[in-house]
Amino acid sequence: MVALEILIYGAVLSGIYALLAVGFALIFGVARVINLTHGAFYMLGAYITYALSVLLNVPLILSIIGGMAIVFLLAICLDRFIIERIRTTMINVLITTLALSLFADQVILQIFGPDNRNIPAVISDRVTLLGVDIAGQRLLSLIISVAVIATLWLIITRTRMGNALLATAQDPEAAQLMGINTGRMFMITMGIAAMMAALAGGIVGSFLTVAPEMGMLPIIKAFSIVILGGLGSIGGSIIAALLIGYLETIVAYLISFNATELVPLVVIFITLIFRPAGIFGKRRGF
Amino acid sequence: MPASILQIEDLTIYYGKALAVDGVSMMVEDGETVAVIGPNGAGKTSLLRAVAGLTPSSGRILFREKAISGLKAYEISRQGISLCPEGRRLFPELTVRQNLDLGAIMRKDHKKVKTDLENALRLFPVLKSRAGQMARSLSGGEQQMLAIGRAMMSDPELLMLDEPSMGLALMVKESISTSIVEITKAGGTILLVEQDAGMAMDISKKIYLLENGRIRLEGTAQEMAGNPHVKEAYLGIA
């Protein structure tokens with residue numbers, strides 16, 4: 001019974017982590033940018049969904065889409081007006097995106113206050129799957145994660161734009177010689193990744209707490225997943241998301257729920273010491 | 001008189017305070033192969049990179065009588081100048097076929113792309129049998145062929161080749177030379193940078209000799225081959 005619960009709850013957690021980590025990995029893979037505002041995009045996705053649906057009575061699904069659209073625009077502006085100028089210096093990118101992420105937390109804190117919020121669920125019923133009782137919304141979040149990541153995978157491997165993204169990731173200068181506007185590729189990548197984070201924020205809001213600092217832990221998780229999977233490797237980050245999602249679920253069931261937040265940190269230490277390139281990385285991340 | 005396709009006037013390139021190219025002027029006409037020869041560090045690669053928009057420069061670069069200095073590299077590529085860069089710069093984790101397709105990624109004339117792909121594979125048949133292999137798994141000569149093939153896939157009006165013979169065995173070098181001659185015969189215009197002066201003279205009509213960032217000599221391949229300085233310093237004939 002516990003095994004089945006771990007199987008299903010672990011899958012849900014892994015799906016959300018993958019939604020966050022794949023975008024984070026994509027930005028690094030294509031643009032060589034470690035974007036610490038990624039957690040803020042997740043948090044903003046949740047708050048915009050909350051504001052639209054709860055405060056303005058916009059239908060929930062439209063609210064989630066609205067959150068994604070606004071975060072997409074914010075991310076594109078961030079890339080165009082800030083990251084574009086500092087892209088080549090990793091340390092500048094890290095400090096700037098960290099500062100912006102803290103800034104976003106403060107803005108949200110000023111507007112909404114420190115209280116936890118809740119977003120209603122798209123599916124409020126509970127369902128039973130393999131004998132395990134689970135909130136419908138959790139199951140929905142798993143389905144959405146899988147669908148979104150599969151779509152992204154198809155876009156990258158099957159379309160012209162995907163080919164241009166892969167070329168940009170492997171050699172931006174050579175990609176320009178093919179006529180590819182690499183600056184636009186960086187911008188699109190940032191937009192797509194941010195949109196995925198906002199989607200995650202919008203759908204978890206009914207079963208996880210929505211609070212200004214909610215983006216901080218996920219960024220550490222995305223980081224650990226991407227380090228474990230190999231910086232820039234999308235396939236690696238999907239597998240690492242599964243590993244960490246399940247590891248956390250197992251720890252929650254067998255040890256204590258309070259110990260789960262240690263899992264990603266321990267993974268970061270172990271990976272960097274014993275396999276700095278990650279499972280699928282071709283070179284050291286740092 | 002054939003029209004000039006590329007005209008470079010007083011091109012100057014600095015890397016920080018170091019002067020790499022110092023007031024170079026040259027011209028490429030439609031349908032001809034022009035070679036720039038010279039020793040390592042003479043500024044040959046910088047010259048091509050400046051035309052391609054990868055390295056900032058001052059002076060004037062005219063492509064079909066329109067100034068292209070200051071345009072981004074991707075814009076210059078879309079106008080019809082294709083650079084096969086130093087070190088080949090293939091996409092290592094993509095297949096041979098994907099690399100070739102990327103050469104044509106901005107094109108809308110899909111029918112012509114298909115025939116151009118067939119032509120490229122006819123020119124370099126080995127690429128056909130390697131189509132599904134990762135670019136990084138190719139030998140040096142095959143990689144060079146793929147790089148030239150990829151540069152041709154954009155159907156450029158001007159093809160620029162940076163040291164296509166670099167690091168290749170004699171046999172492979174000759175096969176690459178033959179292919180370049182084939183491209184010219186088919187009506188292509190080529191600006192070639194080559195350290196191997198003998199090879200450059202075999203396949204080009206006009207030669208510029210670049211030394212220390214300046215044009216020291218220019219002339220037809222025959223004139224250059226007869227020049228005592230070129231003979232001694234670049235052809236190894238005393």
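Predicted, not measured: the structure shown is a model, and the values here were computed from it. Naming: A, B, ... by sequence-line order, numbering from 1 per chain.
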- prompt: Any sub-3.5 Å donor-acceptor pair from A:Ser14's side-chain atoms to A:Gly10's backbone N or O?
  reply: yes

- line: Taken to the nearest 0.5 Å, the spacing of B:Ile203 CD1 from B:Ser177 OG works out to 5.0 Å

- prompt: Which residues in residues 144-163 of chain A have any heavy atom lying under 4.5 Å from a heavy atom of chain B?
  reply: A:Arg160, A:Asn163

- request: Anything in residues 105-121 of chain B with a heavy-atom distance to chain A below 4.5 Å? Please list those residues in order.
  value: B:Ile105, B:Met106, B:Arg107, B:Lys108

Side chain A:Arg275, main chain A:Gly278, donor-acceptor under 3.5 Å: yes

field: Cation-aromatic face contact A:Arg80/A:Phe186, 6.0 Å, 45 degrees
entry: no

query: Checking A:Asp79 side chain against A:Ala75 main chain: does a donor-acceptor pair fall under 3.5 Å?
result: no

task: May I ask you to check if B:Arg78 and B:Tyr74 form a cation-pi contact, with NZ or CZ under 6.0 angstrom from the six-membered ring centre and within 45° of the axis?
output: no

message: We want to know whether B:Thr184 and B:Thr33 form a side-chain donor-acceptor pair, criterion being a heavy-atom distance below 3.5 angstrom.
response: yes

query: Which one, B:Leu94, B:Ile81, B:Leu90, leads in non-hydrogen pairs under 4.5 Å with chain A?
result: B:Leu94

Spacing of NE2 belonging to A:His38 relative to CG belonging to A:Leu20, to within rounding of 0.5 Å: 5.5 Å

query: So which of B:Ala151, B:Pro85, B:Pro92, B:Cys84 has the largest heavy-atom pair count under 4.5 angstrom toward chain A?
result: B:Pro92

- request: Could you tell me whether the side chain of A:Thr168 and the main chain of A:Thr182 form a donor-acceptor pair under 3.5 Å?
  value: no

- prompt: Sub-3.5 Å donor-acceptor pair from the side chain of B:Lys44 to the main-chain atoms of B:Gly213, do we have one?
  reply: no

- line: Pair count under 4.5 Å, heavy atoms only, with chain A: among B:Lys72, B:Glu75, B:Gln98, B:Arg150, highest is B:Arg150

query: When you check the gap from the basic side-chain N to the acidic O, do B:Glu29 and B:Lys206 get nearer than 4.0 Å?
result: no

query: So what's closer than 4.5 Å to chain A heavy atoms on B:Leu54: side chain, backbone, both or neither?
result: side chain

